[in-house]
Chemist: 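Let me begin by handing over the structure; questions about it come next.
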Amino acid sequence: MDKTSDPKIYKIISENAGSNPDRLTMESLEFKKLIDKIGNTVHSMNTIAVALSIMPLEGFEVPKSLDVSWKPTQIEDSKRRARNFAGKSAYVYVAENLFEYLDEISKNPIWKYSNINFKGEEKKRLKFINS
């Protein structure tokens with residue numbers, strides 16, 4: 001079993017690997033948070049798409065409970081532009097969360113060890129699986 005020659009690295013990995021320290025999982029808490037945020041974004045985009053799809057093209061009045069002024073001349077065009085805006089906003093939100101994720105994982109103590117390499121042709125990433 002090839003764990004590592006550095007007990008500090010193995011201790012960090014063991015603490016992050018859960019009940020099976022010999023098997024390194026790539027799903028960190030940070031990654032799970034990112035996936036949750038992306039999933040919520042998809043849900044919100046689907047909700048917007050459904051709401052816009054059932055909006056009638058004429059005779060629509062803004063509910064009095066919404067304190068907004070909205071008087072489009074072309075409802076179909078407004079729906080299309082609103083959906084495009086929501087999509088672009090979702091891309092920005094997901095990208096920002098990706099940057100936050102990368103920032104958080106870069107703070108993990110495992111990254112300070114120079115003998116761990118996750119890049120390159122040789123794929124020198126340490127493996128903590130029975131070999």
Side-chain angles (χ1 to χ4, degrees):
M1 197 180 325
D2 177 27
K3 294 182 180 168
T4 182
S5 58
D6 189 337
K8 292 178 190 172
I9 294 176
Y10 186 69
K11 181 178 185 295
I12 291 167
I13 291 172
S14 296
E15 290 170 355
N16 292 325
S19 62
N20 188 357
D22 291 327
R23 185 174 191 93
L24 175 63
T25 177
M26 298 308 284
E27 285 192 24
S28 63
L29 178 61
E30 293 84 2
F31 183 73
K32 289 177 184 177
K33 288 179 185 178
L34 174 67
I35 293 302
D36 285 346
K37 289 178 180 180
I38 292 172
N40 288 332
T41 302
V42 171
H43 174 77
S44 295
M45 285 299 301
N46 290 343
T47 301
I48 291 168
V50 169
L52 289 172
S53 73
I54 61 175
M55 180 186 285
L57 296 178
E58 53 187 54
F60 182 80
E61 292 185 24
V62 177
K64 295 190 185 293
S65 60
L66 293 177
D67 190 18
V68 298
S69 173
W70 186 71
K71 295 178 175 46
T73 55
Q74 298 287 328
I75 292 179
E76 186 66 32
D77 184 52
S78 290
K79 288 168 53 172
R80 181 186 50 76
R81 289 185 305 155
R83 186 168 177 169
N84 286 340
F85 177 80
K88 290 175 185 176
S89 299
Y91 291 141
V92 170
Y93 179 78
V94 169
E96 184 62 30
N97 279 285
L98 176 61
F99 292 138
E100 288 179 15
Y101 164 74
L102 293 173
D103 182 56
E104 286 300 313
I105 65 168
S106 70
K107 295 174 186 171
N108 190 314
I110 199 168
W111 294 104
K112 72 180 181 179
Y113 292 95
S114 60
N115 62 339
I116 295 179
N117 182 3
F118 291 100
K119 299 178 186 175
E121 295 175 11
E122 298 176 32
K123 304 282 184 189
K124 295 192 292 188
R125 187 182 99 219
L126 293 176
K127 294 182 182 179
F128 294 91
I129 300 174
N130 294 338
S131 51

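One is the number of the first residue; the rest follow in order along the sequence.
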Chemist: Could you walk me through whether Leu29 and Glu104 pass the side chain to side chain contact (heavy atoms under 4.5 Å, CB included) test, one step at a time?
Modeler: CA-CA 10 Å; Leu29 178 61; Glu104 286 300 313; over 6 Å; no
Chemist: I'd like to know if Val42 and Tyr91 are part of one continuous hydrophobic network [Ile/Leu/Val/Met/Phe/Trp/Tyr, side-chain heavy atoms within less than 4.5 Å].
Modeler: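 No, because Tyr91 and Val42 fall into different hydrophobic clusters, even though each may have its own neighbours under 4.5 Å.
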Chemist: Is it true that Phe85 and Met45 fall in one hydrophobic cluster, defined by side-chain heavy atoms closer than 4.5 Å?
Modeler: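 Per the 4.5 Å side-chain linkage, Phe85 and Met45 are not co-clustered.
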Chemist: Is the shortest side-chain N to carboxylate O distance from Glu30 to Lys33 below 4.0 Å?
Modeler: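 So Glu30 does not pair with Lys33 through a salt bridge.
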Chemist: Could you state the interatomic distance from CD1 (Ile105) to CD (Glu100), rounded to the nearest 0.5 Å?
Modeler: 13.0 Å
Chemist: According to salt bridge (charged side-chain N to carboxylate O under 4.0 Å, His left out), who are the partners of Asp77, at least two apart in sequence or on a separate chain?
Modeler: Arg80, Arg81
Chemist: When clusters are formed by joining ILVMFWY residues with side-chain heavy atoms under 4.5 Å apart, either directly or through shared neighbours, do Leu66 and Ile75 land in the same one?
Modeler: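 Leu66 and Ile75: one cluster.
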Chemist: From Glu76 CD over to Met55 CE, what is the distance, rounded to the nearest 0.5 angstrom?
Modeler: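 Between atom CD of Glu76 and atom CE of Met55 there are 10.5 Å.
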Chemist: Taking atom CD1 of Ile48 and atom OG of Ser53, what is their separation to the nearest 0.5 Å?
Modeler: 12.0 Å
Chemist: From Arg83 CZ over to Lys88 NZ, what is the distance, rounded to the nearest 0.5 angstrom?
Modeler: 14.0 Å
Chemist: Give the C-alpha distance, both sets of side-chain angles, the deciding distance and a yes or no for side chain to side chain contact (heavy atoms under 4.5 Å, CB included) between Asn97 and Ile38.
Modeler: CA-CA 8 Å; Asn97 279 285; Ile38 292 172; 5.9 Å; no
Chemist: Give the cluster check for Leu102 versus Val94: same hydrophobic cluster or not, with ILVMFWY residues linked at side-chain heavy-atom distances below 4.5 Å.
Modeler: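 Per the 4.5 Å side-chain linkage, Leu102 and Val94 are co-clustered.
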Chemist: Quick check: closest heavy atoms across Asp103 and Ser106, and the distance to 0.1 Å?
Modeler: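 Looking at all heavy atoms of both residues, the shortest contact is O-OG, 2.7 Å.
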Chemist: Same cluster or not: Leu98 versus Phe31, using hydrophobic residues (I, L, V, M, F, W, Y) connected whenever any side-chain heavy atoms lie under 4.5 Å apart?
Modeler: yes
